[in-house]
Amino acid sequence: MRRMLLLTLFLLLLSACAVPAETEEPSAPPLQEAPEEPAPAEASPEEEVPVEEVPSEDHVLLALDAPLADGRTLRLEAVGKRLDEYSAGVREVRVYNGDALIQTILSREVIEAEWDEGMPEAFYHYTECWSPEESMEVLDLNFDGSADFGLFGWICNNTIPYYYWTWDPETEQYQYAFTLQGAEVHPEAQEATAEYKSGSAGSQWITEVYKPDKNGDLYLVRVERDTCDFEPEPPSYLDFDRGWAHEIWLPPQEADPIRPDEGHGILEEEFVLIYREVPVYEADETNPGSGEGTVSHFTEIWELKDGELQLTSREEYTDENRQ
């Protein structure tokens, strides 16, 4: 019995020795701090762009091609910004020949020349137009084969005035030329026209007609006027349903040539009326108010003859010859 107890005790000791000893887990290495990233280098004074020279909100509003007579095509970029909810403005026009910038035209240069002092300072920096798409236009004003361009000047209740620059092939630069309202070119007639309202309550519509001389400078050759400020000879009345009276005025032969930027003064005092076309009607008033009277329509042509404006034709107007 005693042997059995000793044997059992011996076996228990052997099993205790066979249990593996507990091992300690290796501790994690201490955390290392990430190296600090170097601060971005500050721009040198040479790289900084002064805010007052190139406002951060300025961008290219419109870019147009400008073909030249020598076969090259320039690129014109109107740079500006939206002035407010309703308008945008151009601060400068950049002229590129390929990738080379060959000219920068500031709007301020022409605005200061065209407007008197006393306007707010901001007024002189930017043109004013309804939208970027209308800020600039390209056209050949003097028919020399090289594109000229204009900037929408300012918003008004008349036809829109544009500041125009023409291309000078000798200097290879654009030169400011003049301001015109509602300018259009007519290559078939080699004429450029400007249009605007005039007279009391817009009762006249003026069309100025210009032609270039051999140097490409435009000069006024005639003024056409449509007017309802006109009373025909009794018993005739102006036939408003068919339009207004149409007139053609010429500068006096002795007058000096008139450039677009010089103005022409008072039409009736400084020009000669050579043609007038008048739509008129005559009513039979033997029984006024009865509605039984007849109305006859005529077209009168008046022309300058022997120093006087004379009636040269008077044709009856009917539905058959309605144009």
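Computed over heavy atoms, backbone and side chain alike; hydrogens, waters and symmetry mates excluded. Since the structure is predicted, the reported quantities are computational estimates derived from the model, not experimental observations.
Put simply, the side chain of K305 reaches to within 4.5 Å of the side chain of T312, judged on heavy atoms. With a 4.5 Å cut-off on side-chain heavy atoms, E128 and F123 do not count as touching. Within the 4.5 Å cutoff, the side chain of D144 has no heavy atoms near those of the P212 side chain. Two residues are said to be in side-chain contact when any heavy atoms from C-beta on lie closer than 4.5 Å; Q173 and D168 fail this criterion. Put simply, the side chain of E114 reaches to within 4.5 Å of the side chain of Y163, judged on heavy atoms. With contacts defined as side-chain heavy-atom distances shorter than 4.5 Å, the pair I160/W130 qualifies.
Residue Q181 comes nearest to T159 through the heavy atom pair NE2-O, 2.9 Å, listed as atom of the first residue, atom of the second, then distance.
Residues F230 and L309 are members of one and the same hydrophobic cluster, defined by side-chain heavy-atom contacts under 4.5 angstrom among Ile, Leu, Val, Met, Phe, Trp and Tyr.
For the residue pair E137/Y164, the side-chain donor-acceptor check at 3.5 Å is satisfied.
Panel note: side chain N215, backbone D217; no donor-acceptor pair is recorded below 3.5 Å. Side-chain atoms of T227 do not come within 3.5 Å of backbone N or O of A245 as any donor-acceptor pair.
Under the 4.0 Å criterion applied to side-chain N and carboxylate O atoms, R91 and E57 are not assigned as salt-bridge partners. With respect to E233 and R314, no salt bridge is recorded, no charged nitrogen being found less than 4.0 Å from a carboxylate O.
The ring pair (Phe, Tyr, Trp, His ring centres under 6.0 Å) with Y162 is formed by just one residue from the set F152, F178, W154, F149; it is F152.
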Y174/L74 under side-chain contact (heavy atoms from CB on, under 4.5 Å): CA gap, chis, key distance, verdict: CA-CA 11 Å; Y174 279 104; L74 305 178; 4.1 Å; yes

Audit row: D58, Y126, side-chain hydrogen bond (donor to acceptor under 3.5 Å, both in side chains) steps and yes/no: CA-CA 11 Å; D58 277 11; Y126 292 85; 3.0 Å; yes

Worked verdict on Y275 versus E224 for side-chain hydrogen bond (donor to acceptor under 3.5 Å, both in side chains): CA-CA 9 Å; Y275 177 87; E224 300 185 12; over 6 Å; no

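With sequence neighbours left out, E134 forms a side-chain hydrogen bond (donor to acceptor under 3.5 Å, both in side chains) with S131.
The environment of Q253 atom CD is sparse: at most 12 non-hydrogen atoms of other residues, nucleotides or ligands sit within 6.0 angstrom.
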Report all side-chain donor-acceptor pairs from residues 182-191 shorter than 3.5 Å, counting only partners two or more places apart or in another chain.
from	atom 1	to	atom 2	distance (Å)
H186	NE2	T193	OG1	3.0
Q190	NE2	P187	O	2.9
E191	OE1	R222	NH2	3.3
E191	OE2	R222	NH1	3.0

